[in-house]
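The structure under discussion appears below in the form of structure tokens.
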Amino acid sequence: MPELPEVEVTRRSFAEGIAGATVLSAALGKPLRWPLGCAPSHLAGQRVVAVRRRGKYLLLDLSGGLLLVHLGMSGSLRFAHHLPAPGGHDHFDLVTSQGVLRLHDPRRFGAVVFTTGEQSPLAQKLLGGLGMEPLSDGFSFDAFRQGLRATRAPIKQVLLAGKVVVGVGNIYASEVLFLAGIRPTVPAASIGDARLRRLHTAIREVLALAVERGGTTLKDFSSADGNPGHFQLEARVYGREGVPCLACGTPIRGLKQGQRSSYFCPRCQRA
DNA sequence: CAGTGGGCCTGAGTGC
DNA sequence: TGCACTCAGGCCCACT
């Protein structure tokens, strides 16, 4: 479900509320993608220092380690003083002195992992290979171009892989390529500077706007305080196969790249 | 080593 | 109404 904006909006919706809280207990439901990595009781007594984000991972800095949370395809978090008894798809509860943080995840591609810290082998395995943060100053045009020049793969797959830049999921990948006039199948290394600049700008602007709107193009997102996304960012190409392009009227085309669907306008995205 | 495809899991939607 | 099938917003890992 979540791409970078949804994860960031989720983070903002509970980071202040949980900061400074003491963990009272933790409870697991069905197995998630990976084991927690410690007994749930090990979390009790630890203080929640801060909540950060890296790519689509949420990083809860605890006084005794780091709790990594990933929402996978279908995960969502709620944070509230009182939550009802866990339902069938609620698979992790972190009960704190300031409220309960609950992971709801029907498909269970999500994960909650405790490690000793960001430098631990496990944290490095999960976070070490991640690319640049698209909303940070480090995401310069030059660094972006350098990253794309170093691969032979099609641009869509390079964006999704997250090794050059993180947070661009399957929907936003199609959208930013449309805005930049780039066909998803072209080799990343072959894109000229003019289009590359448009792509760099589109990534920053689209993601920043989505975060700012508290929302998303997604259908069923709500943040940890229960507020829904605003649906301000309607998809221009994603999911619109056969529908006339909003810019030129040409029917949008769909295709599969690496088991994932891509959409593009054959006229607006010629190269 | 870079690049590709399989698989994890459940629910919603479609076609017969 | 029921069944079989396809597809879905992510990402690790085995394989080529």
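The structure presented is a predicted model; accordingly, all values stated were derived computationally and were not measured. In what follows, every chain begins at residue 1, and chains take the letters A, B, ... in the order their sequences are listed. The figures that follow rest on heavy atoms only: side chains count, while hydrogens, waters and symmetry mates do not.
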So if I define the base as every atom that isn't primed, P, OP1 or OP2, how would nucleotides 5-12 of chain B read as a B/S/- string at a heavy-atom cutoff under 4.0 Å?
SSBBBBS-
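- Atom CZ of R260(A) and atom C1' of dG3(B) are 16 Å apart (whole Å).
- Residues that satisfy the ring pair (Phe, Tyr, Trp, His ring centres under 6.0 Å) test with Y263(A), not counting sequence neighbours, are Y238(A).
- For D225(A) and S13(A), the side-chain atoms include no donor-acceptor pair closer than 3.5 Å.
- Contacts of R152(A) with the nucleic acid, taken as non-hydrogen atoms under 4.0 Å apart, involve only primed sugar atoms and P, OP1 or OP2.
- For the pair K163(A) and dC1(B), the criterion of a side-chain N or O lying under 4.0 Å from OP1 or OP2 is not met.
- For the OP1/OP2 pair of dC7(C) and a distance below 4.0 Å, the side-chain nitrogens and oxygens of S261(A) include no atom meeting the criterion.
- Look at the P atom in both dT6(C) and dG6(B): the space between them is 14 Å, to the nearest Å.
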Between protein and nucleotides 13-16 of chain C, what N or O pairs are separated by less than 3.5 Å?
{"residue": "dC13(C)", "atom": "OP1", "partner": "K125(A)", "partner atom": "NZ", "Å": "3.3"}

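- For R53(A), the side-chain hydrogen bond (donor to acceptor under 3.5 Å, both in side chains) partners are E8(A), E133(A), not counting sequence neighbours.
- The separation between L159(A) atom CG and dG10(C) atom C1' is 15 Å, rounded to whole Å.
- Going from atom CG of D105(A) over to atom P of dA8(C) covers 18 Å, rounded to whole Å.
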N/O donor-acceptor pairs under 3.5 Å from side chains in residues 114-123 of chain A, not counting sequence neighbours:
{"residue": "T115(A)", "atom": "OG1", "partner": "G117(A)", "partner atom": "N", "Å": "3.2"}
{"residue": "T115(A)", "atom": "OG1", "partner": "G117(A)", "partner atom": "O", "Å": "3.1"}
{"residue": "T115(A)", "atom": "OG1", "partner": "S120(A)", "partner atom": "OG", "Å": "3.3"}
{"residue": "E118(A)", "atom": "OE1", "partner": "R52(A)", "partner atom": "NH1", "Å": "3.3"}
{"residue": "E118(A)", "atom": "OE1", "partner": "R52(A)", "partner atom": "NH2", "Å": "3.0"}
{"residue": "S120(A)", "atom": "OG", "partner": "G117(A)", "partner atom": "O", "Å": "2.9"}
{"residue": "S120(A)", "atom": "OG", "partner": "A123(A)", "partner atom": "N", "Å": "3.1"}

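- As rounded to whole Å, 14 Å separates atom P of dG10(C) from atom CG of L130(A).
- Nearest nucleotide to the L126(A) side chain, out of dC12(C), dG3(B), dT4(B): dC12(C).
- Under the side-chain hydrogen bond (donor to acceptor under 3.5 Å, both in side chains) criterion, T96(A) pairs with no residue, sequence neighbours left out.
- V23(A) and V49(A) are members of different hydrophobic clusters when ILVMFWY side chains are connected at heavy-atom separations under 4.5 Å.
- In this structure, a donor-acceptor pair under 3.5 Å is present between the side chains of D90(A) and H104(A).
- The ring pair (Phe, Tyr, Trp, His ring centres under 6.0 Å) check on F144(A) picks up F139(A), H200(A), with sequence neighbours excluded.
- Hydrophobic side-chain contacts under 4.5 Å tie L24(A) into a cluster, directly or through other members, with L83(A), V95(A), V100(A).
- Annotation: salt bridge (charged side-chain N to carboxylate O under 4.0 Å, His left out) contacts of D142(A) (sequence neighbours excluded): R145(A).
- In this structure, H70(A) reaches the dC11(C) phosphate: one of its side-chain N or O atoms is under 4.0 Å from OP1 or OP2.
- L148(A) has its CG atom 15 Å from the P atom of dA2(B), to the nearest Å.
- Base pairing in DNA chain B yields stems of at least 3 consecutive Watson-Crick or G-U pairs, both distances under 3.5 Å, namely B:2-8 with C:10-16, B:10-16 with C:2-8.
- Nucleotide dC12(C) holds its C1' atom 16 Å from the CD atom of Q124(A), rounded to whole Å.
- The interatomic distance linking L4(A) (CG) with dC11(C) (P) rounds to 10 Å, in whole Å.
- Contact check, Y57(A) against dC12(C): a side-chain N or O comes under 4.0 Å of OP1 or OP2.
- To the nearest angstrom, P of dC11(C) lies 11 Å from CG of L127(A).
- Distance noted for atom P between dC3(C) and dC9(B): 23 Å (whole Å).
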Mind listing the side-chain donor-acceptor pairs of residues 32-42 of chain A below 3.5 Å, one per line with the distance, residues two or more places apart or on another chain?
none

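- Grouped with F264(A) in one hydrophobic cluster are L255(A), the linkage being side-chain heavy-atom contacts under 4.5 Å among Ile, Leu, Val, Met, Phe, Trp and Tyr residues.
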